[in-house]
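Worksheet: the structure to be examined is printed underneath.
To find a chain, count down the sequence lines: A is the first, B the second, and so on, and within it residues start at 1. The shown structure was predicted, so the numbers you read here are calculated from the model rather than taken from an experiment.
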Protein chains: 2
Amino acid sequence: MSLSYAILATLTDLACSGYELAKRFDGSVGHFWSASHQQIYRELNRLEERQWITGEVIPQTGRPDKKCYHLTEMGKVEMAKWIAQPSKSSRTKEEILVKLFAGDLVEPEILLAELRRYHQEHEQQLQIYQQIEQQHFADPEKLSWGAKCQYLTLRQGIRYEIDVIAWCKEALTLLRA
Amino acid sequence: MSLSYAILATLTDLACSGYELAKRFDGSVGHFWSASHQQIYRELNRLEERQWITGEVIPQTGRPDKKCYHLTEMGKVEMAKWIAQPSKSSRTKEEILVKLFAGDLVEPEILLAELRRYHQEHEQQLQIYQQIEQQHFADPEKLSWGAKCQYLTLRQGIRYEIDVIAWCKEALTLLRA
DNA sequence: GCGTCCATGTAATTCGTTACATGATTCG
DNA sequence: CGAATCATGTAACGAATTACATGGACGC
């Protein structure tokens, strides 16, 4: 259900094709939503049927034509309606926490190695986000209201990565003691 | 797929029935995994077929009999195998971030109200986790290795809530400026 | 020549949610 | 007397994942 709204939100920002949407869900938009291209194409068809979006075929030379989607007035209204409703809070499903919870079943070194790997992964992600921050949101106070909102979604991502990294360090310290 | 391992992990900690599992996924275990009772019963049947767990019917008086599950040796081995593999990192799907991303479509006050509500919700969750911390993990250094691992899953939850609350404050400050 | 990117899709399967169902017991 | 708790399930549906498929363009 909310995948459709995630797509609408992404299209609000910038009209694009299914393929491009999939890449955005993989990249910068990915820290608050993700979806495979199969999900996206299916959902785009439904949204077009409901007339919340319209697709425009853009002929291209040297590569396949693409179908560029943008919101209709109806789509904007529906999106606004959804935003006004209280969100249901979603639980994260972190495999590493499941592994820790059953930590007694394996050798300590296995979990420590996994924690180090996890730490590294999030360190890299943090750097990616911080580059985006520096390049696009150097002076947050001066952004337009809509841009501030978008900046805050990135801030959430940055904060999350910093916090996960700190947790990894805490975990490694406690488990090595 | 990983739901089965989440169940195995929970059973490692304490053998229990489907009903009790559902309650644990709703409570303390819930900050790293969640599942409905329908999912749990279906998965328990599959796990029993595969002989990763065995169920033992425990007659009770004054209430229905319950079927208590515990890991088999095979289950422990499979769990250990899974733990040794690198985890795939899961992306959170936070509706509030989708809403912010499309923030231009609604009146500022709607988003501010949602942020305040979100803030409140996480403040409450934090207090629940901190109570568990005080009651069960007063002196982390003195815990057994397995208990330290479990404590760290709670720590992740506590850290997350603190961070989300700080982010809410940052967001409200930026958007009101 | 091989892999990757562009661009879109179908099919099969598993996972997750919603609704419905039973039946006894305890609490107010 | 009604509601909630204990305990377990089935059925139907919708969402997500995985695998498979096409076919030209471009770089090494």
Side-chain angles (χ1 to χ4, degrees), chain A residues 1-8 10-11 15-27 30 32-50 53 55-69 82 87-93 95 98, chain B residues 1-8 10-11 14-27 29-30 32-50 53 55-69 82 87-93 95 98:
Chain A
M1 213 35 3
S2 9
L3 169 62
S4 46
Y5 296 103
I7 288 176
L8 291 176
T10 313
L11 290 178
C16 59
S17 70
Y19 184 82
E20 286 160 343
L21 264 175
K23 284 213 304 185
R24 294 183 73 192
F25 275 115
D26 235 39
F32 66 82
W33 212 270
S34 64
S36 62
H37 81 273
Q38 295 88 342
Q39 273 178 281
I40 290 165
Y41 284 118
R42 179 173 52 181
E43 205 60 43
L44 283 172
N45 286 332
R46 288 181 195 161
L47 288 170
E48 201 175 15
E49 268 176 42
R50 268 186 266 170
I53 58 174
E56 185 190 354
V57 176
I58 296 179
Q60 298 189 117
T61 52
R63 60 183 55 177
D65 296 352
K66 67 176 177 181
K67 199 170 175 186
C68 215
Y69 293 94
W82 180 76
S87 326
K88 53 178 178 216
S89 59
S90 57
R91 310 242 158 220
T92 332
K93 294 185 176 180
E95 292 192 356
V98 176
Chain B
M1 216 27 12
S2 10
L3 169 61
S4 47
Y5 295 102
I7 288 175
L8 291 176
T10 313
L11 290 177
L14 185 67
C16 58
S17 70
Y19 184 82
E20 286 160 346
L21 265 174
K23 284 213 305 186
R24 294 183 73 191
F25 274 113
D26 234 40
V29 178
F32 66 84
W33 212 272
S34 64
S36 62
H37 82 272
Q38 294 88 339
Q39 271 179 283
I40 290 166
Y41 284 118
R42 183 170 49 182
E43 204 60 41
L44 283 172
N45 285 333
R46 287 181 197 162
L47 288 169
E48 201 175 15
E49 267 177 45
R50 269 187 266 172
I53 58 174
E56 185 190 354
V57 176
I58 295 178
Q60 297 188 123
T61 52
R63 60 184 54 175
D65 296 352
K66 66 177 178 180
K67 200 170 173 185
C68 213
Y69 293 94
W82 180 76
S87 327
K88 53 178 179 218
S89 60
S90 57
R91 309 244 157 217
T92 332
K93 296 185 174 177
E95 293 191 356
V98 177

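Remark: A/Lys23 is not in phosphate contact with C/dA7, judged by side-chain N or O atoms under 4.0 Å from OP1 or OP2. Between C/dA7 and A/Gln60, a contact under 4.0 Å exists linking OP1 or OP2 to a side-chain N or O. Dashed line: the shortest gap from a side-chain N or O of B/Tyr19 to OP1 or OP2 of D/dC6 is under 4.0 Å. Proximity of B/Tyr41 to the phosphate of D/dG9: no side-chain N or O atom is located under 4.0 Å from OP1 or OP2.
With DNA chain D read from its 5' end, the first of the two nearest nucleotides for A/Glu43 and B/Gly18 is the one closest to B/Gly18. Comparing A/Lys66 and A/Arg42 against DNA chain C, the residue whose closest nucleotide sits nearer the 5' end is A/Lys66. Two residues, B/Glu20 and B/Asn45, neighbour DNA chain D, and the one matched to the more 5' nucleotide by heavy-atom proximity is B/Glu20.
A donor-acceptor pair is defined here as one N or O able to donate and one able to accept, closer than 3.5 Å; such a pair exists between the side chain of A/Thr10 and the backbone of A/Ala6. At distances below 3.5 Å, not a single donor-acceptor pair connects side-chain atoms of A/Glu95 with backbone N or O atoms of B/Ser2.
To the nearest angstrom, C1' of D/dC13 lies 11 Å from CZ of A/Arg46. Distance, A/Glu56 CD to C/dA7 P: 15 Å, rounded to whole Å. Taking atom OH of residue B/Tyr5 and atom P of nucleotide C/dC15, one finds them 11 Å apart after rounding to whole Å. C/dC15 atom C1' lies 15 Å from atom CG of B/Leu44, rounded to whole Å. What separates NE2 of B/His37 from C1' of D/dC6 is a distance of 12 Å, to the nearest Å. Straight-line distance from the CD atom of A/Glu95 to the P atom of D/dT17: 12 Å, rounded to whole Å.
Here A/Leu47 contributes atom CG and A/Leu3 contributes atom CG; the two are 8.0 Å apart, rounded to the nearest 0.5 Å. A distance of 11.5 Å separates CD1 of B/Ile7 from CZ of B/Arg24, quoted to the nearest 0.5 Å.
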At under 4.0 Å between heavy atoms, which parts of nucleotides 23-28 of chain D does protein reach? Answer with one letter per nucleotide, 5' to 3': B base, S sugar-phosphate only, - none. B-S---
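Comparing C/dG9, D/dA7, C/dT18 against the side chain of B/Gln38 picks out C/dT18 as the nearest. Nearest nucleotide to the side chain of B/Gln39, out of C/dA7, C/dG16, D/dA16: C/dG16. The side chain of A/Lys93 has C/dG16 as its nearest neighbour among C/dG16, C/dG9, D/dA7. Here C/dT17 is the nucleotide among C/dT17, D/dC6, D/dT17 with the atom lying nearest to any side-chain atom of B/Ser36.
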Does the pair A/Val98 and B/Leu8 meet the rule for a side chain to side chain contact (heavy atoms under 4.5 Å, CB included), with working shown? CA-CA 9 Å; A/Val98 176; B/Leu8 291 176; over 6 Å; no
Stepwise salt bridge (charged side-chain N to carboxylate O under 4.0 Å, His left out) test for A/Arg46 and A/Glu49: CA-CA 5 Å; A/Arg46 288 181 195 161; A/Glu49 268 176 42; over 6 Å; no
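Scored by the side-chain contact (heavy atoms from CB on, under 4.5 Å) test, B/Asp65 finds B/Val57, B/Pro59 as partners (sequence neighbours excluded).
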